[in-house]
Amino acid sequence: MNHTKTFLLASLTLFLAITVNAESSEPNTIYVKEQPITPTVTKECQHWGGFNNERCVYEKTIYAIEGRQCVEKCEYWNKKTKQCVYSTKCEFKQEQKVFIQTKCDKFNKKRRKCDRDKKVVIN
């Protein structure tokens with residue numbers, strides 16, 4: 001049984017909108033406008049639970065575009081409560097075509113909180 005859920009949010013193909021400006025002072029001028037691209041999103045089970053571990057209790061999310069990927073996953077898992085205490089975050093910067101992943105650089109186990117985040121550029 002495949003436990004992977006795939007959600008295709010958009011095509012990886014980059015579309016170009018080409019417009020011919022008939023009113024331009026330069027005849028036959030072509031303007032090329034790049035349309036936004038959106039990463040594909042895939043969800044996979046990271047932590048299993050329930051009787052005989054048959055149920056997914058936490059899913060990680062994988063964002064991919066043009067051969068790069070960023071994963072939002074649980075970095076700090078509480079085994080006792082079976083809950084994610086801290087998970088990474090991904091953000092796609094359209095202008096630079098890079099992912100920014102936020103991780104925990106310093107985790108406080110007593111408070112179960114991230115004291116300092118770290119941003120990593122994935123290009």
Side-chain angles (χ1 to χ4, degrees):
M1 184 168 150
N2 186 350
H3 297 286
T4 302
K5 295 178 188 174
T6 304
F7 301 96
L8 181 61
L9 293 181
S11 173
L12 291 177
T13 308
L14 177 63
F15 291 99
L16 297 177
I18 300 175
T19 307
V20 177
N21 188 348
E23 297 176 14
S24 172
S25 59
E26 298 176 31
N28 301 321
T29 302
I30 297 176
Y31 297 94
V32 177
K33 182 180 179 186
E34 197 174 300
Q35 296 296 314
I37 54 176
T38 307
T40 57
V41 179
T42 306
K43 293 190 178 252
E44 296 178 357
C45 190
Q46 183 179 356
H47 290 281
W48 293 91
F51 184 71
N52 290 331
N53 289 328
E54 80 286 352
R55 181 172 51 94
C56 183
V57 292
Y58 190 85
E59 288 182 325
K60 64 181 176 181
T61 305
I62 304 161
Y63 298 91
I65 197 162
E66 297 177 352
R68 296 179 307 273
Q69 71 176 22
C70 185
V71 181
E72 288 183 346
K73 64 181 180 179
C74 185
E75 257 190 325
Y76 294 96
W77 180 258
N78 185 326
K79 291 180 184 178
K80 190 175 183 179
T81 63
K82 296 187 179 182
Q83 292 181 331
C84 185
V85 180
Y86 183 88
S87 63
T88 61
K89 302 281 184 255
C90 293
E91 179 183 1
F92 182 66
K93 296 288 189 179
Q94 185 70 42
E95 305 80 35
Q96 299 87 5
K97 293 187 175 91
V98 297
F99 286 108
I100 307 293
Q101 185 181 51
T102 305
K103 298 180 174 189
C104 185
D105 195 37
K106 184 177 179 187
F107 189 78
N108 185 323
K109 289 184 180 181
K110 285 186 179 182
R111 292 178 44 225
R112 293 186 180 152
K113 287 195 162 218
C114 184
D115 288 337
R116 184 176 58 233
D117 285 337
K118 177 181 179 181
K119 295 192 182 285
V120 178
V121 177
I122 301 170
N123 55 8

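Nothing fancy with the numbering, it's 1 onward along the sequence. Because the structure is a prediction, the values reported are computed rather than measured. All values below come from the heavy atoms of this structure, side chains included, with hydrogens, waters and symmetry mates left out.
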Engineer: For R112, I'd like to know if atom CZ has over 12 heavy atoms of other residues, nucleotides or ligands within 6.0 Å.
Structural biologist: no
Engineer: Which residues pass the side-chain contact (heavy atoms from CB on, under 4.5 Å) test with K82, sequence neighbours left out?
Structural biologist: W77
Engineer: I would like to know whether V71 and T88 meet side chain to side chain contact (heavy atoms under 4.5 Å, CB included); could you show each step before the answer?
Structural biologist: CA-CA 7 Å; V71 181; T88 61; 5.6 Å; no
Engineer: Between D115 and R111, which heavy-atom pair has the shortest distance, and what is it?
Structural biologist: OD1-NH1, 2.9 Å
Engineer: With the side chain counted from C-beta on, respond yes when T42 and Q69 share a heavy-atom pair under 4.5 Å apart, and no when they do not.
Structural biologist: no
Engineer: Consider side-chain contact (heavy atoms from CB on, under 4.5 Å). Of K43, K89, E44, which one does T61 pass it with?
Structural biologist: K43
Engineer: Check E75 against C104 and note the closest heavy-atom contact, atom names and distance.
Structural biologist: OE1-N, 2.9 Å
Engineer: Would you say the side-chain atoms of Q46 pair up with the backbone N or O of C74, donor to acceptor, closer than 3.5 Å?
Structural biologist: yes
Engineer: Should the pair D105-R116 be classified as a salt bridge under the 4.0 Å nitrogen-to-oxygen rule?
Structural biologist: yes
Engineer: Tell me every residue that passes ring-ring contact (aromatic ring centres under 6.0 Å, His included) with F92, counting only those two or more places apart in sequence or in another chain.
Structural biologist: F99
Engineer: Given side chain to side chain contact (heavy atoms under 4.5 Å, CB included), test W48 with C56 step by step and report yes or no.
Structural biologist: CA-CA 4 Å; W48 293 91; C56 183; 4.1 Å; yes
Engineer: Restricting to side-chain hydrogen bond (donor to acceptor under 3.5 Å, both in side chains), what partner residues turn up for E91, sequence neighbours left out?
Structural biologist: K93
Engineer: Before you tell me yes or no, could you show the steps for S87 and E72 under side chain to side chain contact (heavy atoms under 4.5 Å, CB included), namely the whole-Å CA-CA distance, both residues' side-chain angles and the distance that decides it to 0.1 Å?
Structural biologist: CA-CA 7 Å; S87 63; E72 288 183 346; over 6 Å; no
